[in-house]
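Fair warning: this is a prediction, and the values are worked out from it, not measured in the lab.
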There are 2 protein chains.
Amino acid sequence: MPDMEEPRRSEHRPLRKDARENRRKILDAASDAMSELGLSVPMEAIAERAGVGVGTLYRRFPSRAELVEALFEDRMESIVEDAEASLDFEDGWEGFAWFLERIISRQTRDRALGELLMGDAGRGRVAAIRDRLGPLADKIVERAKQAGRLRPDFDTTDLVMVQKMVCAAGAAAGDVKPAVWRRYLTILLDGLTTSRSGPSPQEVGPLSDDELYRTMHSAPGRR
Amino acid sequence: MPDMEEPRRSEHRPLRKDARENRRKILDAASDAMSELGLSVPMEAIAERAGVGVGTLYRRFPSRAELVEALFEDRMESIVEDAEASLDFEDGWEGFAWFLERIISRQTRDRALGELLMGDAGRGRVAAIRDRLGPLADKIVERAKQAGRLRPDFDTTDLVMVQKMVCAAGAAAGDVKPAVWRRYLTILLDGLTTSRSGPSPQEVGPLSDDELYRTMHSAPGRR
DNA sequence: TGATTTCCGGAGGTTAAACCTCCACTTGTC
DNA sequence: GACAAGTGGAGGTTTAACCTCCGGAAATCA
């Protein structure tokens, strides 16, 4: 049996044209679906949005994890960049507030990113990037305190919890009024400064009674 | 066919002794289970905690809704009473803060109560009680503003969102450090006052790094 | 223009988790 | 001790996800 050729797609030969297109469609669909519904959106749903059979999805991405890495490595990296950028602010407090606004904004637009950031990452490259955030967060908090405008009893772990709080508000009302989270971030920041003479102006109004009603009667399951 | 007797348990004759005991065990188990795991805890799990077969559970409470009403009518009523009590405070702001502390404390101890309060109530007596809270909340907010210590841009709908935020923090870290939510309530209240000269003292410290780690790696399903 | 390789779709087998019913047996009560 | 009342949990059902498999379609090659 001569010439028993190598079966592995080693050093990947390029995909066939239709396969390449489908891969793109899958990535786009998965991005949409996960941003909206979270990391554990059914594979079926992704395939459907992509207009592709489940078989195709599994052939291209044998496990959810590969899909997640393909999609979220960049986004996670952007957050690290935000953290670094926030250290360049003249005023540590401004950097702190800017970073918070940034990272929460990203999470409210992208539920899966929030899940990854808040712990759902097992191991892998995405988690590795996330872990680089810890030291940066320490510096951000440190600088804000040195600027004298962040309450001295604030701890870096509080930074995570603050995000959770604002994101909870965002997630609850997100379908009804996507920008309300800013309102609650403003309030929280007013609670985080050392002192102030009056409330910061709100850029976003409260939910109307009707909006609140709809918010309350459309709560998701959990996950 | 003489004396075809009435089959309905009309004007309920008393339950047999063992049945009465089982009913009690079921209610206790359901209370525990729902407080911990939420309204939609599997019926199976309730029966198991009660040390009773599922059959017995379904015979006593044919639907989850009946169980819920039996358990939560009182608790919901207590919240209404808290709201009324908070109106008796000399200072409207104190009443406001007290009520918030109360209602959040109840919800962090009792997940099902939180779900009921935040909308998961379909119709029924429990929902009816909850609806009595709306007008009371308006008064609470009104008085706090009149006292001059609640930021004037605060709306009653914000009251719900604030609860959601603190409860989110509580739920996230609840298994690890049940009292941290107080820390975040303190911060929020500092953001809700009109002005202040410094941060309010914290009664509860931040999560340690290890506690935060555990908090992040034990997130529930959504679900 | 075949011939050949690659890729596609989605029916369908599998597992898991909840649901609720049913009835042979046990227990309480009169 | 007879008989009504109550019990438990096996098991049928549904729902929702998982992932594989293979006949046929599409792209690429010669």
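Between B:Arg64 and C:dC19 there is a side-chain polar atom (N or O) within less than 4.0 angstrom of OP1 or OP2. Residue B:Arg23 places none of its side-chain N or O atoms closer than 4.0 Å to OP1 or OP2 of D:dG6. For C:dC8, the OP1/OP2 oxygens have a side-chain nitrogen or oxygen of A:Asn22 closer than 4.0 Å. Contact annotation: B:Arg60 side-chain N/O to D:dT7 OP1/OP2 distance is under 4.0 Å. Proximity of A:Thr56 to the phosphate of C:dG9: a side-chain N or O atom is located under 4.0 Å from OP1 or OP2.
Rounding to whole angstrom units, CD1 of residue A:Ile26 and P of C:dC7 are separated by 12 Å. In this structure, A:Leu57 atom CG and D:dC18 atom P are separated by 9 Å, rounded to whole Å. When rounded to the nearest whole Å, the span between CE of A:Met43 and P of D:dT20 equals 10 Å. Rounded to whole angstrom, the span from the NZ atom of A:Lys17 across to the P atom of D:dC29 amounts to 12 Å. Rounded to whole Å, the distance from CG on B:Leu67 to P on C:dC19 is 11 Å. Computed from coordinates, the B:Glu48 CD to D:dA10 P distance equals 12 Å when rounded to whole Å. Rounded to an integer number of Å, the gap from CD1 of B:Ile46 to C1' of C:dC20 is 14 Å.
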message: What verdict does the salt bridge (charged side-chain N to carboxylate O under 4.0 Å, His left out) test give for B:Glu77 and B:Arg132, after you've listed the backbone C-alpha separation in whole Å, the side-chain angles of each residue and the deciding distance to 0.1 Å?
response: CA-CA 10 Å; B:Glu77 195 65 48; B:Arg132 283 162 47 204; 3.0 Å; yes
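Under the 3.5 Å distance criterion, with hydrogens and angles disregarded, a donor-acceptor pair is assigned to the side chains of A:Ser105 and A:Arg109. No donor-acceptor contact under 3.5 angstrom links the side chains of B:Thr186 and B:Arg182, judged on distance only. In the model, A:Asp210 has no side-chain atom that pairs as donor or acceptor with a side-chain atom of A:Ser208 under 3.5 Å.
If you check D:dG11, D:dG6, D:dC18 against the side chain of A:Pro42, the one that comes closest is D:dC18. Out of D:dG8, C:dC19, C:dG28, the shortest distance to the side chain of B:Glu44 is found at C:dC19.
Comparing B:Tyr58 and A:Gly55 by the nucleotide of DNA chain C whose heavy atom lies nearest to each, the residue mapping closer to the 5' end is A:Gly55. Closest-nucleotide positions on DNA chain D for A:Val54 and B:Ala19 were compared, and the one nearer the 5' end corresponds to B:Ala19.
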Enumerate all atom pairs, one protein N or O and one N or O from nucleotides 23-27 of chain C, separated by less than 3.5 Å.
from, atom 1, to, atom 2, distance (Å)
C:dT27, O2, B:Arg16, NH1, 2.9
C:dT27, O2, B:Arg16, NH2, 3.3

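Judged by distance alone with a 3.5 Å cut-off, no donor-acceptor contact links the side chain of A:Glu21 to the base of C:dC7.
Residue B:Asp153 comes nearest to A:Ser200 through the heavy atom pair OD2-O, 4.1 Å, listed as atom of the first residue, atom of the second, then distance.
A:Tyr58 pairs by the ring pair (Phe, Tyr, Trp, His ring centres under 6.0 Å) definition with nothing, not counting sequence neighbours.
Looking at A:Glu21 and A:Lys25, no side-chain N of the basic residue comes within less than 4.0 Å of a carboxylate O on the acidic one, giving no salt bridge.
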